[in-house]
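Here's the structure, in structure tokens; my notes come after.
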Amino acid sequence: MVAEAPLKKKNENFSEWLDDVLQRAELVDIRYNVKGFIVYRPNIMFIVKRVYEIIENLLIEKGHKPALFPIVIPISSFRKESEHIKGFEREVFKINEAGGEELEEELILRPTSETAIYPMFALWIRSYKDLPMKIFQSVSVYRHETKATRPLLRGREFLWIEAHCAFIDEESARNQVKEDLEITKKAFHEFGLPFLMTEREPYDRFYGAVDSYAFDTLLPDGRVLQVATTHYLGQNFSNANVFDIKFTDKDGTRKNVHQTCYGPGVSRIVAAIISIHGDEYGLVLPFDVAPFQIIVIPILKAGKEDVIMEKSRIITQNLSKAGFRTILDDSDKRPGEKYYKWEMLGVPIRIEIGDEEVKKGFVTIFRRDLRSRNKVKDEDVIDNILNLKSLILKELEKRAWDTFNSSMISINSKEELMEKRERAKIVRASFCGRKECADEIKAETEGLEVRGRRIDIKETPSEKCFWCGKEASRVVYLAKAY
RNA sequence: GGGGUCGUGGCCUAGCUUGGUUUAUGGCACUGGCUUCGGGCGCCAGAGUCCUUAAAAGGCUGGAGGUCGUGGGUUCAAAUCCCACCGACCCCA
């Protein structure tokens, strides 16, 4: 039979490629038939769990503790912070009936959990000794998105982690924001994903935040995807009119805590890993992210089945013992078919064992990222893989950053922008900082948005705003966003 | 937010214009067997929407009804025509 067609080319039509890979690799099923809700299948859940694990471990290392708050929030609690409610009220799912009777108080499905968690903080926090309080939960949240929904990229239910912290003063809270940024950088390094770290403009903050910081990555269609945010909330939620979260300080005075919240978007991170590293053979996963790191494939030959299987089993066992997540594919499919299947799923390393390998005491190691083969002597296999582990990540990270960096272009004027728009997916420019200007840019450039100012480096603007020509106050980055 | 295209078995697809031998075409996937295994091979066979009649489970045979996203309508007759809803995709703002 004719071989199945390879996937669509990712860079020609990203949207089709993504739909195709999501289905062919059996990652998600969109046939649940409720708009914005999808089914995560085992092949993607293994990856989702790895992403969760990696971030959770980083959080726990820094003293965060896991917790789980209810999915429902009483509407009275949700309505306490005026900015917060303004932002989210129109996109919450509400429950007002149960058991055939109207509820005494309407409940909402959490769109985010500040208003679920902070009333409890108010009960738990008594003394400066209770601080800092650092809690996180790994959950799904619900937002009735009005824009077009896309599997993983924008759903009405999505997976994330939300970390909520309370501190004695502004300084320690702001340090938490820095820690959040460091955690995200570390995690993204493990995922091999490039990012732009910015402070959002004042009019673009999280509802209820004093300052908002965000990580954007770049998808192959040239649009940026916000994959994590962290916010300094000040005392907006802790003040007496809202949740009144107070503690007694060393000197005996009663004070309201300063807070932060941090939210890495797991669905979106997984989408970014798939989209940025993937190719026309399917997923390509960094070694540590991969749920299965090594696939061993025996290539049988009439009369030699036993020795080939024996060697395959021994190699699989040894690799498992060495701590690699290894599986042996001893199904009776043909080798070629197995290659395609495991490449589709992004297994970073494949070991092929056939008659030759048995006779001459080596194995053939295939790297998914380069799609290249190497012969490695039996006794060197483990060292070789230990070495490959970081080489693979380096390769993926380099490719991803190269694409990212070459898509980021500085411009000085409207004309230059229009001229370079094709190449410039992320635009760096001096800017006046006015919202009217940002709105105008968005309207006249097919959706280019001001994403914010960089926080990892200080940048000083030239005198003029690239758009309106007035005095510039900052250097900003602009992009079309999901 | 505005506009457009579309929905046929697990997936893709033919059929729709001009309603009527369609027990809905073909491919992939699936099941059993053979052959084989260095990139998804070949051959043979099978089954293949769902429900009810139907009763502890499994299997076989026959009959009946319904079924082409869902609901309604037109008609002697609807996958095919009309309306609404649900869902998907594309383009624009």
Side-chain angles (χ1 to χ4, degrees), chain A residues 1-8 12-39 41-43 90-91 144-157 221-223 279-282 295-312 315 328-345 347 350-360 362-368 370-376 438-449 480-482:
Chain A
M1 257 308 121
V2 186
E4 219 177 311
L7 293 170
K8 305 264 168 36
E12 287 169 12
N13 191 334
F14 172 66
S15 182
E16 281 184 18
W17 177 86
L18 186 62
D19 285 344
D20 209 13
V21 79
L22 288 177
Q23 198 196 332
R24 295 261 289 270
E26 298 181 350
L27 300 177
V28 307
D29 206 319
I30 59 169
R31 292 172 299 178
Y32 193 72
N33 284 342
V34 181
K35 189 177 171 62
F37 291 80
I38 56 165
V39 176
R41 304 187 64 180
N43 285 346
R90 244 174 258 181
E91 47 184 73
H144 191 266
E145 291 287 351
T146 50
K147 288 190 187 178
T149 59
R150 297 289 318 272
L152 302 182
L153 297 172
R154 177 183 288 110
R156 289 178 174 175
E157 172 181 58
D221 62 351
R223 284 197 269 182
D279 62 20
E280 66 264 48
Y281 293 89
I295 177 74
V296 178
I297 296 186
I299 296 146
L300 302 178
K301 188 173 177 181
K304 302 279 182 66
E305 292 93 341
D306 289 353
V307 277
I308 293 170
M309 278 311 299
E310 181 62 12
K311 175 162 181 173
S312 303
I315 296 271
L328 170 67
D329 186 348
D330 57 0
S331 64
D332 61 2
K333 290 197 273 279
R334 299 176 67 82
E337 195 178 342
K338 297 180 186 178
Y339 298 166
Y340 280 94
K341 171 183 167 184
W342 295 106
E343 281 174 44
M344 181 66 75
L345 294 180
V347 178
R350 174 172 79 229
I351 294 186
E352 303 168 12
I353 297 172
D355 187 36
E356 279 289 294
E357 283 83 351
V358 171
K359 268 197 282 192
K360 296 184 183 161
F362 71 96
V363 302
T364 299
I365 293 186
F366 172 92
R367 270 178 72 170
R368 174 65 182 88
L370 301 176
R371 288 182 38 85
S372 66
R373 282 188 174 83
N374 254 314
K375 295 178 177 180
V376 178
D439 289 343
E440 205 180 295
I441 295 169
K442 190 172 175 184
E444 290 182 27
T445 57
E446 298 178 351
L448 214 53
E449 290 175 37
K480 256 179 112 159
Y482 267 96

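To find a chain, count down the sequence lines: A is the first, B the second, and so on, and within it residues start at 1.
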Which value, in whole Å, describes the distance between the [atom1] atoms of nucleotides [N] and [M]?
N     : M     : atom1 : answer
B:G26 : B:U49 : P     : 14 Å
B:C81 : B:G20 : C1'   : 14 Å
B:G2  : B:U17 : C1'   : 29 Å
B:C28 : B:G87 : P     : 34 Å
B:A55 : B:C68 : P     : 26 Å
B:C76 : B:G9  : P     : 30 Å
B:G59 : B:G32 : P     : 14 Å
B:G65 : B:U23 : C1'   : 15 Å

Could you tell me which nucleotide pairs with [N] by Watson-Crick or G-U wobble geometry, both distances under 3.5 Å, or answer none if nothing does?
N     : value
B:C43 : B:G33
B:A84 : B:U70
B:G1  : B:C92
B:A57 : none
B:U25 : none
B:A79 : none

Between [options], which nucleotide has the shortest distance from any of its atoms to the side chain of [X]?
X        : options             : value
A:Arg373 : B:G38, B:G39, B:G40 : B:G39
A:Glu446 : B:C89, B:G38, B:A93 : B:A93
A:Glu343 : B:G39, B:A88, B:G38 : B:G39
A:Tyr340 : B:C89, B:G39, B:C37 : B:G39
A:Phe366 : B:G38, B:G39, B:G40 : B:G39

Residue closer to the 5' end of RNA chain B, A:Arg156 versus A:Ala443 (nearest nucleotide):
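Mapping each residue to its closest nucleotide by heavy atoms, the 5'-most match is A:Arg156.
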Closest-nucleotide mapping onto RNA chain B: is A:Lys480 or A:Lys35 further toward the 5' terminus? I mean the 5' end.
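The 5'-side residue here is A:Lys35.
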Could you tell me whether the side chain of A:Asp29 and the main chain of A:Val39 form a donor-acceptor pair under 3.5 Å?
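Answer holds: no.
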Quick one: does A:Glu343's side chain have a donor or acceptor within less than 3.5 Å of a partner on A:Tyr340's backbone?
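No; zero donor-acceptor contacts below 3.5 Å.
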Need one value for [X]: base, sugar-phosphate or nothing, where a base atom within 4.0 Å counts as base even if backbone is also close, heavy atoms only.
X        : answer
A:Glu357 : base
A:Lys338 : nothing
A:Asp355 : base
A:Ser15  : sugar-phosphate

Can A:Met309 and A:Leu328 be said to form a side-chain contact (heavy atoms from CB on, under 4.5 Å), step by step?
CA-CA 10 Å; A:Met309 278 311 299; A:Leu328 170 67; 4.2 Å; yes
Gap between atoms [atom1] and [atom2], on [X] and [N] respectively (whole Å):
X        : N     : atom1 : atom2 : answer
A:Glu440 : B:A93 : CD    : C1'   : 16 Å
A:Glu444 : B:C92 : CD    : P     : 17 Å
A:Lys333 : B:C41 : NZ    : P     : 11 Å
A:Asp329 : B:C37 : CG    : P     : 17 Å
A:Phe362 : B:G38 : CZ    : P     : 16 Å
A:Leu153 : B:A88 : CG    : C1'   : 15 Å
A:Leu300 : B:U35 : CG    : P     : 15 Å
A:Ile297 : B:G40 : CD1   : C1'   : 11 Å

Polar atoms only, N or O, under 3.5 Å: list the protein pairs with nucleotides 3-12 of chain B and their distances.
residue : atom : partner : partner atom : Å
B:G10   : O3'  : A:Arg31 : NH1          : 2.5
B:C11   : OP1  : A:Arg31 : NH1          : 2.7

Carboxylate-amine/guanidinium proximity below 4.0 Å for A:Lys375 and A:Glu356
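A:Glu356 and A:Lys375: not salt-bridged.
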Residues which pass side-chain hydrogen bond (donor to acceptor under 3.5 Å, both in side chains) with A:Asp19, listed by chain and number, not counting sequence neighbours:
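In terms of side-chain hydrogen bond (donor to acceptor under 3.5 Å, both in side chains), with neighbours along the sequence ignored, A:Asp19 is linked to no residue.
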Could you go through the side-chain contact (heavy atoms from CB on, under 4.5 Å) check for A:Tyr281 and A:Arg371 one step at a time?
CA-CA 10 Å; A:Tyr281 293 89; A:Arg371 288 182 38 85; 3.4 Å; yes
side-chain contact (heavy atoms from CB on, under 4.5 Å) for A:Val34 and A:Arg156? Distances and angles first, verdict last.
CA-CA 10 Å; A:Val34 181; A:Arg156 289 178 174 175; over 6 Å; no
Under 4.0 Å between a side-chain N/O of A:Arg334 and OP1 or OP2 of B:G38, yes or no?
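For B:G38, OP1/OP2 do have a side-chain N/O of A:Arg334 under 4.0 Å.
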Let's go through A:Leu18 and A:Leu153 carefully: what are the C-alpha distance in whole Å and the side-chain angles of both, what is the deciding distance for side-chain contact (heavy atoms from CB on, under 4.5 Å) to 0.1 Å, and is it a yes or a no?
CA-CA 11 Å; A:Leu18 186 62; A:Leu153 297 172; 3.9 Å; yes
Regarding A:Ser331 and A:Asp329, is there a side-chain donor-to-acceptor distance under 3.5 Å anywhere?
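Short answer, yes.
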For the atom pair CD (A:Glu280) and CG (A:Asp20), what is the distance rounded to the nearest 0.5 Å?
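Reported value, rounded in 0.5 Å steps: 12.0 Å.
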